[in-house]
Amino acid sequence: MKITSSILTALAASVLFGAASVAAPKIPANAQKITVTLPQGYSASKRVVQAGKPVALTFFLQSEAGCGNEVMVPAAKWKKTLKVGERATVVYTPKKSGPLTFACGMNHMKGSIVVR
Ligand SMILES: [Cu+2]
């Protein structure tokens, strides 16, 4: 009975929220919100965030970027393939100062956020 009801709950959740919403992270109220527009964001000037506070890092794929359509944030063990016009957000709390890097799926186009 327990198993049946948890399956039903999971089914109900996927119907209610849909796959896209289920994948969306919960963004803490104190999150530092940064949006990086790709592909130019791989080389754009660096933004600064504070260490020890969550960062909601949103990637927006503005135009076709080849392998850059796939973006990853190694420190957060996160990656996502975007379609043009799509956004995806990763929430990550950097513990110490230094660059928080992101890269294309092949790790050759790279950008970073400065953590202070
Ligand atoms: Cu690449």
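In each ligand, atom 1 is the first atom listed, and ligand 1 is the first ligand listed.
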With rounding to the nearest 0.5 Å, note down the distance linking [atom1] in [X] to [atom2] in [Y].
| X | Y | atom1 | atom2 | result |
| --- | --- | --- | --- | --- |
| Q32 | T93 | CD | OG1 | 8.5 Å |
| F59 | M72 | CZ | CE | 11.0 Å |
| K80 | R87 | NZ | CZ | 14.0 Å |

Suppose the cut-off is 2.8 Å; how many protein N/O/S atoms fall inside it around the Cu ion (ligand 1)? 3
Decide whether K33 and T58 meet the rule of one side-chain donor and one side-chain acceptor closer than 3.5 Å. no
E64 side chain to G66 backbone, donor-acceptor under 3.5 Å: yes
Between N69 and S63 the two heavy atoms that sit nearest each other are OD1-O, 4.5 Å
